[in-house]
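Since we're looking at a predicted model, the values are computed, not measured. The sequence lines fix the lettering, A, B, ..., with proteins before strands; numbering per chain opens at 1.
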Number of protein chains: 2
Amino acid sequence: MARFQDVLRAHEGRLTQERQSLLHIICASVGHFNPEEVAGLARSKGRPVSLTTVYRNLPLLIEAGIVRRATVGDGLDRAGVRYERVWNRTHHDHLTCERCGRVVEFSYPAIEILQEAVAREHGFLLERHHLELIGVCASCRRKAGALSARPTRRPH
Amino acid sequence: MARFQDVLRAHEGRLTQERQSLLHIICASVGHFNPEEVAGLARSKGRPVSLTTVYRNLPLLIEAGIVRRATVGDGLDRAGVRYERVWNRTHHDHLTCERCGRVVEFSYPAIEILQEAVAREHGFLLERHHLELIGVCASCRRKAGALSARPTRRPH
DNA sequence: TTTCATGCAAATACTTTGCATAAGC
DNA sequence: GCTTATGCAAAGTATTTGCATGAAA
């Protein structure tokens with residue numbers, strides 16, 4: 001992939017088997033992943049990459065714009081950072097249900113435009129952003145509603 | 001503080017010296033902090049709280065709406081989660097310079113309104129959100145421009 | 001007096017680093 | 001052949017947990 005090779009060149013880096021394996025795994029990835037999962041997938045595909053090497057290459061992959069850190073969540077998140085592919089994907093943000101953990105991706109251009117405006121107002125050149133909306137999804141709202149709407153005692 | 005006592009009651013918890021110390025430290029806090037810093041401050045104030053206890057109480061403080069996880073950063077963040085007080089503060093989001101690490105707080109009601117709209121469209125009840133804009137601040141842009149008119153990456 | 005909270009130490013989890021070997025270029 | 005990359009093991013951090021003791025209610 002051209003952009004990764006550019007970054008490698010800039011770092012006088014080499015396109016090793018392991019880096020190619022990482023690219024394959026990541027470019028086929030769909031959701032969020034962590035370093036351990038990448039190493040596991042690489043192994044299962046017969047092109048193993050050590051966890052150490054995953055960690056060492058993640059910064060390059062980020063620099064190349066191939067992956068980014070994904071949402072970190074607020075309340076109930078497991079430890080460790082998760083990543084997601086951004087290359088060959090349209091930009092999106094995340095809407096997370098704090099009850100069931102479901103993550104919905106969304107894109108809302110008007111928000112992006114306002115973000116640009118905020119950055120400009122403060123003299124910043126905006127490079128990227130993280131937006132995570134946290135709430136209760138429709139399904140969990142229904143469940144909660146069904147429970148709480150139930151009267152404990154009938155009015156007489 | 002009433003809201004913390006409510007949460008304690010709900011958990012059948014007790015208002016210990018240590019918890020009072022944490023409240024004092026946090027309510028006097030200005031910026032972001034991590035668990036270690038809270039413990040250090042408590043010690044220096046003569047009302048020490050062990051690091052373990054800080055960790056154990058953070059979830060309660062979050063539940064009480066007194067603190068929240070703060071921005072986690074993207075590229076160059078040091079490890080560990082940082083927190084910030086939200087109690088008795090107006091809501092705000094963060095604009096971070098990826099060169100010098102400077103963090104500017106901002107609030108932009110129009111963005112909040114659009115976030116509500118997004119959540120509603122997806123059937124979510126919005127509870128909170130994290131928005132972090134990452135870019136290059138005016139000062140760093142000047143420096144970079146002076147050295148070389150090096151273009152920065154496009155936002156993805 | 002009953003139960004919960006704390007502190008310490010140990011255990012985990014995550015991430016980074018040193019070093020010898022292997023592999024790009 | 002020169003230099004960077006890898007894997008392993010070990011070292012660092014960040015965070016959680018077990019347990020005996022101390023403190024709320």
Side-chain angles (χ1 to χ4, degrees), chain A residues 1 4-25 32-43 45-64 67 69-70 72-83, chain B residues 1 4-25 32-43 45-64 67 69-70 72-83:
Chain A
M1 183 180 317
F4 190 48
Q5 298 202 21
D6 289 345
V7 170
L8 287 183
R9 240 190 305 281
H11 286 266
E12 301 178 310
R14 294 159 185 186
L15 189 56
T16 61
Q17 292 296 319
E18 290 80 4
R19 283 173 173 163
Q20 291 180 44
S21 176
L22 290 179
L23 283 175
H24 275 101
I25 296 299
H32 297 170
F33 53 82
N34 65 21
E36 190 108 27
E37 289 162 355
V38 173
L41 276 169
R43 188 169 354 97
K45 297 281 185 195
R47 300 179 63 181
V49 178
S50 76
L51 189 54
T52 302
T53 294
V54 175
Y55 273 111
R56 277 197 270 234
N57 280 288
L58 243 6
L60 295 173
L61 291 162
I62 290 173
E63 186 180 338
V67 305
R69 282 163 186 256
V72 179
D74 195 15
L76 62 163
D77 58 349
R78 35 211 142 290
V81 183
R82 296 184 73 75
Y83 300 83
Chain B
M1 181 180 318
F4 190 50
Q5 299 202 21
D6 289 345
V7 169
L8 287 183
R9 241 190 305 280
H11 287 266
E12 299 179 308
R14 293 161 183 183
L15 190 56
T16 59
Q17 293 296 320
E18 290 80 4
R19 283 174 173 162
Q20 291 179 45
S21 175
L22 290 179
L23 283 175
H24 275 101
I25 297 299
H32 297 170
F33 53 81
N34 65 22
E36 189 107 28
E37 288 162 357
V38 173
L41 276 169
R43 188 171 351 101
K45 297 280 184 194
R47 300 179 62 182
V49 177
S50 75
L51 188 54
T52 301
T53 294
V54 176
Y55 274 111
R56 276 197 270 236
N57 280 288
L58 242 7
L60 295 173
L61 291 162
I62 289 174
E63 186 178 337
V67 306
R69 282 163 186 256
V72 178
D74 196 16
L76 63 162
D77 57 350
R78 35 212 142 287
V81 182
R82 297 184 74 75
Y83 300 82

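For A/Q20, the CD atom is densely surrounded, since the number of other residues' heavy atoms within 6.0 Å is greater than 12.
OP1 or OP2 of C/dT6 sits under 4.0 Å from a side-chain N or O of B/N57. Between C/dG7 and B/T53, a contact under 4.0 Å exists linking OP1 or OP2 to a side-chain N or O. Under 4.0 angstrom from either OP1 or OP2 of C/dT16 there lies no side-chain N or O belonging to A/Y55.
Within the 4.5 Å cutoff, the side chain of B/V49 has no heavy atoms near those of the B/V38 side chain.
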Under 3.5 Å, side-chain donor or acceptor atoms of residues 55-62 of chain B against the rest of the protein: list the pairs with distances, not counting sequence neighbours.
from  : atom 1 : to    : atom 2 : distance (Å)
B/N57 : OD1    : B/R19 : NE     : 2.6
B/N57 : OD1    : B/R19 : NH2    : 3.4
B/N57 : ND2    : B/T53 : O      : 2.9

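With sequence neighbours left out, B/R9 forms a salt bridge (Lys or Arg N to Asp or Glu O under 4.0 Å) with B/D6. The salt bridge (Lys or Arg N to Asp or Glu O under 4.0 Å) test applied to B/E37 returns B/R82, not counting sequence neighbours. By the salt bridge (Lys or Arg N to Asp or Glu O under 4.0 Å) test, A/R47 is found to be paired with no residue, residues two or more places apart in sequence or in another chain being considered.
Taking atom CG of B/L8 as the reference point, atom C1' of C/dT6 lies 15 Å away to the nearest angstrom. The distance from atom CG of B/L22 to atom C1' of C/dA5 is 12 Å, rounded to the nearest whole Å. Atom pair B/E36:CD and C/dG7:P shows a separation of 14 Å (rounding to whole Å applied). Atom CD of A/E12 and atom P of D/dC2 are 17 Å apart (whole Å). Rounded to whole Å, atom P of C/dC4 lies 16 Å from atom CZ of B/R9. Rounded to an integer number of Å, the gap from CG of B/L51 to P of C/dA5 is 18 Å. To the nearest angstrom, P of D/dT6 lies 14 Å from NE2 of A/H11. Rounded to an integer number of Å, the gap from CZ of B/R43 to C1' of C/dG7 is 13 Å.
Direction of the helix axis in the helix from C/dT1-D/dA25 to C/dC25-D/dG1 shifts by 40° between the two five-pair termini, rounded to 10°.
Taken from CG in A/L51 to CG in A/N34, the straight-line distance is 8.5 Å, to the nearest 0.5 Å. For the atom pair CG (B/L23) and CD (B/Q5), the distance works out to 8.5 Å, reported to the nearest 0.5 Å. Distance check: B/L41 CG to B/H24 NE2 gives 13.5 Å after rounding to the nearest 0.5 Å.
Backbone-only contact: A/P48 has heavy atoms under 4.0 Å from sugar-phosphate atoms and none from a base.
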Letter by letter from the 5' end, nucleotides 18-25 of chain D scores (B base, S sugar-phosphate only, - none; protein heavy atoms under 4.0 Å) B----BBS
